[in-house]
Protein chains: 2
Amino acid sequence: MKKHIAFLLWAFLPFLASAQQAIFNRITIQSPEVNADNSVTIRYNGAKAKSVQVTGDFLENGAVANLAENKDGIWEYTSAPLAPELYSYSLIVDGLKINDPNNIAYSRDVASITNTFIISKEKGDKGDLYRVNRVPHGSIRRMWYHSATLGMDRKLTVYTPAGYESSNKKYPVFYLLHGAGGDEEAWMTLGRTSQVLDNLIAQGKAEPMIVVMTNGNAWAEAAPGESPEGFTVPSMRATKQAMEGGFELHFPEVISFIEKNFRTYTDKKHRAIAGLSMGSMHSLNISKYYADKFHYVGLFSGARIGDRENTTCPVYVNFDAQMAKLFANKPALYFLACGKTDNAKKGMDSLKAYLDEHGYPCEYMETDGGHIWRNWRVYLSVFAPRLFK
Amino acid sequence: MKKHIAFLLWAFLPFLASAQQAIFNRITIQSPEVNADNSVTIRYNGAKAKSVQVTGDFLENGAVANLAENKDGIWEYTSAPLAPELYSYSLIVDGLKINDPNNIAYSRDVASITNTFIISKEKGDKGDLYRVNRVPHGSIRRMWYHSATLGMDRKLTVYTPAGYESSNKKYPVFYLLHGAGGDEEAWMTLGRTSQVLDNLIAQGKAEPMIVVMTNGNAWAEAAPGESPEGFTVPSMRATKQAMEGGFELHFPEVISFIEKNFRTYTDKKHRAIAGLSMGSMHSLNISKYYADKFHYVGLFSGARIGDRENTTCPVYVNFDAQMAKLFANKPALYFLACGKTDNAKKGMDSLKAYLDEHGYPCEYMETDGGHIWRNWRVYLSVFAPRLFK
């Protein structure tokens, strides 16, 4: 066996060593390390550093913890035992925020790139749901569709459940929309959509379904780096299309593309739509404007009632009439979810009051915390099992 | 319009601001900025920093350049005009290597996460080939297949050319293999495979084809973070399967999966295989062991001639007989490529001498530089247009 290892080293190590010259990094220590008691140990190799800290959402809101240095120049911090969750963090070395050079798990959230780790205590908990488990896996497709109304080719992400390729069955479709600053990748990375769906379906908790993740920025062809615009920094550019319902008005093109290219049911009972923040407002608008298209509607942390001033865009006027038409069609589920300290809570509460006042049936889920992915993953995990049953 | 912008700000900015609390980053300045003369300006906002440097492959091998500070605490460095290329770099702030906090373009190469930018001078140059252009785009699928021989589900990445979904045509298949430390994502990120293929096909230089990118680590189910093992640090673990031809012996399972799930031709003339480094050796082995399967073979920076000692694995013995059988089947192209300073050059030269000695037709492309992605992107760009014509 020794000889075999020697062969491998001979064969590949010299290549790797030279592959990227000065900028090539090597993993030197294990960080993070999830311990048996579900605490996490963060390490940093830095004999020259004067102070090393960690900041992240596994600490109290906004908190920073100090790493302690041992005699070998390895800095270390061990947290309290943590609840099951996907956590994000960064290191702070001598006052400078950096990514953990020993952790290749990271996600981009708008313009922030942070390291991540997952805590899971037992089968079926949140961490377990967000992990890749040894279950049948769906496929992910990144595809381009043409939008005649927006005048461009646009990218979207499609999850098809395990078994899609090996069967001739038709599937229901769940359209899942991101928030401002996000794109067609947002629900895939911090949202963990493919892991959540794989696991829920494998556990028999959710029906096999197709999930379509669009780009909700009507001015954009695709996520940063995926479009001809290059790596434009995500922003909330106010363009004509963004302000005047461009995304909502073009949405039938998405539905047509999906129903043409995948084996889907094409009736209202087999369509769901949900979104977070800006995507929640998009879902609210789309579901009422196309009042006979969606049987399930999920609004996560974003709502607005009434007509928008200074616009003639058909999406933003006749709010009362559109809502009346939607509920006349008796959607199977109209689901609101929001964090108790979420900046969107006021809008969500107003919408709930409006629905109650008009006798429109809905459900309202309230969680701790604010306008964060931790909540949106929970809402997805609760909403998806309610669909198509 | 002002009112509209105000609405957007009201609606989303407070949410964004609170979204990730302490770890949320904001883009403050433009870095990098590609200038009209194809120089690049790197900037860093750091009034507290004592020294700011940049290191990257757009500088001389291993070099580091100093940024200069202006009165506002913005540090800046402008390079010489650069040749068309995809470049990688990192910042060094007070001696600490960090990613550029104002650039969301980055790639992971084994364990290194570095920022990237692309320089292009004109239509058709290297930078243009690596960019997303306004051309018809193929689709990318991440799928799982079952390997009975390796006893696991495994992930692979498949590029289908523009038009695949809207036609009933059959397509040829190009199997493209990564190197040690890589995975089924390696050719997609620093290799820019989907951009290169989209652009070459749009320019009429390459035939529309399916490209299959496998995971060549026989012990692994998928890339770090994509498998049940979690974010295991990439390494060259020497396992039974890795050492004894596990990947090569299971390869027919990949071909079966692809030909079952895609509209492909299924004859030798419509199959190609190529790889870099470890993937080059895999391609060498697979093409000779299954001597009637591939009409086009590309070996980029990795070769080994003769029988392996201390093994009875059928892939690694009877080298002469297998090569004789392969060339008796008259492959359309047997293509070698290597950098002049590549550590793999000696092996490639030996193989070239062996081929010449036996009268086996081949082509040998030599480029400047070493064992780097810059070369492998070029080899892909040269090899792909030669296929299926």
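What's counted below: heavy atoms across the whole structure, side chains too, no hydrogens, waters or symmetry copies.
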Counting only non-hydrogen atoms closer than 4.5 Å, does B/N261 touch chain A with its backbone (N, CA, C, O), its side chain (CB onward), both, or neither?
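Looking at B/N261, just its side chain touches chain A.
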query = Can you say whether B/E221 sits under 4.5 Å from chain A via the side chain, the backbone, both, or neither, judging by heavy atoms?
reply =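 For B/E221, side-chain heavy atoms alone lie under 4.5 Å from chain A.
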Under 4.5 Å to a heavy atom of chain B? For A/R131 that would be neither
Given heavy-atom pairs under 4.5 angstrom as the criterion, report whether the side chain, backbone, both or neither of A/N133 touches chain B.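 The backbone, not the side chain.
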Taking only residues two or more places apart in sequence or in another chain, which ones pass side-chain contact (heavy atoms from CB on, under 4.5 Å) with B/I92?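 For B/I92 the side-chain contact (heavy atoms from CB on, under 4.5 Å) partners, ignoring immediate neighbours, are B/Q53, B/T55, B/V64.
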Taken in chain and number order and not counting sequence neighbours, the residues that satisfy side-chain contact (heavy atoms from CB on, under 4.5 Å) with A/A162 are A/P136
Closest non-hydrogen atoms of B/I104 and A/R108, given as atom of the first, atom of the second and distance, are CB-CD, 3.9 Å
Contact between [X] and [Y] at the side-chain level, heavy atoms closer than 4.5 Å - yes or no?
X      : Y      : answer
A/I140 : B/R141 : no
A/R134 : B/M152 : no
B/N99  : A/N99  : yes

Pair count under 4.5 Å, heavy atoms only, with chain B: among A/L96, A/V93, A/V158, A/V135, highest is A/L96
- Query: Any idea which of A/K48, A/E165, A/H137 has the most non-hydrogen atom pairs under 4.5 angstrom with chain B?
  - Reply: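 Looking at each of A/K48, A/E165, A/H137 in turn, A/H137 comes out on top.
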To the closest 0.5 Å, what do you measure between CD1 (B/I113) and CG (A/N115)?
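The distance works out to 7.0 Å.
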task: Could you grab the distance from atom CZ of A/R142 to atom OG of B/S194, nearest 0.5 Å is fine?
output: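 That separation rounds to 11.0 Å.
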